[in-house]
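In the text below, chain A, chain B and the rest are named by the order of the sequence lines, each starting its count at 1. When reading the values below, keep in mind they use all heavy atoms of this one structure, side chains included, and skip hydrogens, waters and symmetry mates.
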Amino acid sequence: MATVLKSINPNTPNPKTPKSDRSNSRIYLLKLCKHMRELHQIHATLIKTGQIHDIAAINAIIEFSAISDSARNLHYAESVFEKTENPSLFAKNLMIRGHSQSQDPIYAIYLYVRLLNEGFEFNKFAFSFLIQACTISKSIQEGHQIHGQILKFGEIDPHLASSIIRFYSEVPALDSARRAFESSREFMASWNSIIDGYSKLGEMEIARRLFDEMPQKSLISWTALITGYVHLGRFKEALEVFQTMQKEGFNPDQRTLAAVLPSISHLGALNLGKWVHSYIENLNLEVNIFLGSALLDMYCKCGCIESAIDLFQKMGNMKRNVVTWNAMINGLAMHGRGSDALELFQEMLVSGTKPTDVTFVGVLRACSHVGMVNEGMLYFDQMRRVYGILPTVEHYGCMVDLLGRAGQLEEAEKLTKSMIGQPDVVVMKTLLGACRVHGNVEIGEGVGWDLIELAPNDCSCFVLLSNLYASVGKWQEVGRVRNLMKERGVEKIAGCSSIELGNVTHEFHAGDMSHPRIEEIYAKVEEIGERLKGEGYTPDITQVLVDIDEEEKEKALLRHSEKLAIAFGLINMTSGITIRVVKNLRVCSDCHSVTKLISKLYDREIIVRDQNRFHHFKEGLCSCNDFW
DNA sequence: GTAGGGTTAG
């Protein structure tokens, strides 16, 4: 006992101090508990000394065991609570709150009903937790009833109003949410809640209108709006809102930053991400689990895997949850560091963190990106057998990719057919892509034509099929696919690459002429082309889809967006600075070999993020080992 | 003394 107490608070009370002080210090100790073991010891002392009837002591024990983050034990809280003769209002609220945040939030309602029948009364805090319980468990009927109880109770404050709106938005029952909002427009929290509700349901236009109409905004309002744009994948708009917010004098806190970071990650805006990190450091903001995970993910997705690892280590075990681990595992996988990712997965298991479906996406991608077929099969099997996680389309996608790359196309096809329900477009595209890499027309042809029927407006299906035919010289078939695409009016998605220079992101589209310095850039591209040819490079024109002569095809290749972006980087960034490019599609094979050569001839590290993974080009080689 | 906005995969 003494040793534990010492470890919590070296100033163990002097036996000479008055009794009430000693009791207070024990309650103070309770608030410092980190583990259940410590709580047991203090609890035992309280019983021995008869102080257990102290209301504050009971509350502190229940508080720790019902809601603390570090070592929750609701059963323990329950047993203390049930033995208490006349529990305080605060204790009852703690129990309701504990249940509402547990695996079975509905028990909060059961407890409430039971206590109500026993003649107890409640205050507004209880209702707040009860409505939260209904929100989490999506208990529509119960939520309605609690809403009724609140109205009967008679006193609606901003917190209750916003909780009710939140409940109806998440059920979802937008009409009811709107009605609840209309009847509580006097509270800013109601506005925040309804904006958040519309945002999360993707109704951004309504959310935006309400936001503009709001008589007064708070940081919460801005964060709700940003979250909405992020959820819809409208990352640039999310960043615009973030910047406007600051111009209007609102300084972001941890939650706003955690909300906006995913946009920075998706756009690959490293400089902005670094700005966020230094902002956090300058303001001495605590890097909690949410913020830490978001930052870590930003560094992974912006190509700074070393910074991500650094942060991950600094965060330490206490500040990691499954999301943190998942982000790091997926990050390593994305950067082609498969064995590091798998090692980290083992570490995660040792730490006692239970893997989720997202973890296995990372694990399988790790295997896939470095071609570890057997390991991948093993994990795919383990996922179901050991962890009871049912594979989703993402997992099937990884497996098809894994088998496909290894050339086991029959196996891959078999797997798509064994999927529960229809294999989805992404999985089929993966299979078709693998067929193209291996020039397997027998399987790829069937898959390709099926895909075109399954996703008639998706240009990438046509492109893949056409490239498959091209790779084996079936030019007549290439023409057939191309004509069908034209007939149906399917638009090709233009390749787009971006590169940051200072705080400005420059975007390039294939064949784009709009950049103010485009002539200079094309001159550089030509120069690169000539220098590369001198080194024995021949353009790979087989994958060019348009019907033009060979010379034109070469030119078309030179206009690929990543080549423009890299040329722009070479012109503007002094040697020694890594060029970082983000691309919306997969890197084509010509751009891949060209970038390798550039990295050697111009002695430049180049990091390209494509749709699937990172390519680190250095001294003529790529981290993907030409396997992507 | 308790309550409204936050992180991974797609």
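By the 4.5 Å heavy-atom criterion applied to side chains, Tyr379(A) and Leu342(A) are counted as neighbours. Two residues are said to be in side-chain contact when any heavy atoms from C-beta on lie closer than 4.5 Å; Val260(A) and Thr256(A) fail this criterion.
Rounded to an integer number of Å, the gap from OH of Tyr168(A) to C1' of dG4(B) is 17 Å. Taking atom NZ of residue Lys124(A) and atom P of nucleotide dA3(B), one finds them 12 Å apart after rounding to whole Å. Rounded to a whole Å, the CZ atom of Phe125(A) is 8 Å from the C1' atom of dG1(B). For the pair Phe242(A) CZ and dG6(B) C1', the computed distance is 13 Å after rounding to whole Å. Ile136(A) places its CD1 atom 9 Å from the P atom of dG4(B), with the value rounded to the nearest Å. The CZ-P distance, from Phe90(A) to dA3(B), rounds to 9 Å in whole Å. Between the CD1 atom of Ile146(A) and the P atom of dA3(B) there is a distance of 18 Å, given to the nearest Å. Residue Lys354(A) contributes atom NZ, which lies 22 Å from atom P of dT8(B) at whole-angstrom precision.
By the 5.5 angstrom centroid cut-off and the 30-degree plane limit, Phe290(A) is classified as not stacked against the base of dT7(B).
Closest contact between the side chain of Lys200(A) and the listed nucleotides dA9(B), dG4(B), dG6(B) involves dG6(B). Considering only the side chain of Phe129(A), dT2(B) comes nearest among dT8(B), dT2(B), dG6(B). Here the nucleotide nearest the side chain of Thr227(A), chosen from dT8(B), dG6(B), dG10(B), is dG6(B). Ranking dT2(B), dG1(B), dT8(B) by closeness to the Glu63(A) side chain, first place goes to dG1(B). Side chain of Arg255(A), nearest nucleotide from dA9(B), dG6(B), dA3(B): dG6(B). Of the candidate nucleotides dG6(B), dA9(B), dT7(B), dA9(B) has the atom nearest to the side chain of Val361(A). Closest to the Arg365(A) side chain, of the nucleotides dG4(B), dA9(B), dT7(B), is dA9(B). Each of dA9(B), dT8(B), dG6(B) was ranked by its minimum atom distance to the side chain of Asn326(A); first place goes to dT8(B).
Between the base of dG6(B) and the side chain of Asn288(A) there is a donor-acceptor pair shorter than 3.5 Å. Counting atom types as modelled, Asp253(A) pairs no side-chain N or O with a base atom of dG6(B) as donor and acceptor under 3.5 Å.
Residue contacts shown for Asn192(A) include a base, since a base heavy atom lies under 4.0 Å away. Across all strands shown, Ile226(A) has no heavy atoms under 4.0 Å from either base or sugar-phosphate atoms. Note on Ile289(A): a base of the nucleic acid sits closer than 4.0 angstrom, heavy atoms only. In this structure, Ala189(A) reaches the bases: a heavy-atom distance under 4.0 Å links it to at least one base atom across the strands shown. Within 4.0 Å (heavy atoms only), Ser128(A) reaches at least one base atom of the nucleic acid. Glu394(A) comes within 4.0 angstrom of sugar-phosphate atoms only, judged by non-hydrogen atoms across all strands, and of no base. Residue-level contact check: Ser218(A) touches neither bases nor backbone, having no heavy atom under 4.0 Å from any strand. Across all strands, Asn93(A) comes closer than 4.0 Å to base atoms (heavy-atom distances). Residue Lys301(A) is classed as a sugar-phosphate contact, given heavy-atom separations below 4.0 Å to backbone atoms only.
The stretch residues 150-160 of chain A comes close to DNA chain B through Asp157(A), His159(A), each having a heavy atom under 4.0 Å from the strand.
Residues meeting the salt bridge (charged side-chain N to carboxylate O under 4.0 Å, His left out) test with Glu142(A), sequence neighbours left out: none. Partners of Arg320(A) under the salt bridge (charged side-chain N to carboxylate O under 4.0 Å, His left out) rule, at least two apart in sequence or in another chain, do not exist in this structure.
For the residue pair Ser460(A) / Asp458(A), a side-chain donor-acceptor distance below 3.5 Å is found, with atom types taken as modelled. For Glu240(A) and Tyr229(A), the side-chain atoms include no donor-acceptor pair closer than 3.5 Å.
Under a cutoff of 6.0 Å and an axis angle of 45°, Lys92(A) and Phe122(A) form a cation-pi pair.
Checking the phosphate oxygens (OP1, OP2) of dG4(B), a side-chain nitrogen or oxygen of Gln132(A) falls inside 4.0 Å.
Using a 4.0 Å cut-off between a side-chain N of Lys or Arg and a carboxylate O of Asp or Glu, Arg178(A) and Glu182(A) qualify as a salt bridge. Ionic pairing of Arg365(A) and Glu394(A) is not present here: no N-O contact between side-chain nitrogen and carboxylate oxygen is shorter than 4.0 angstrom.
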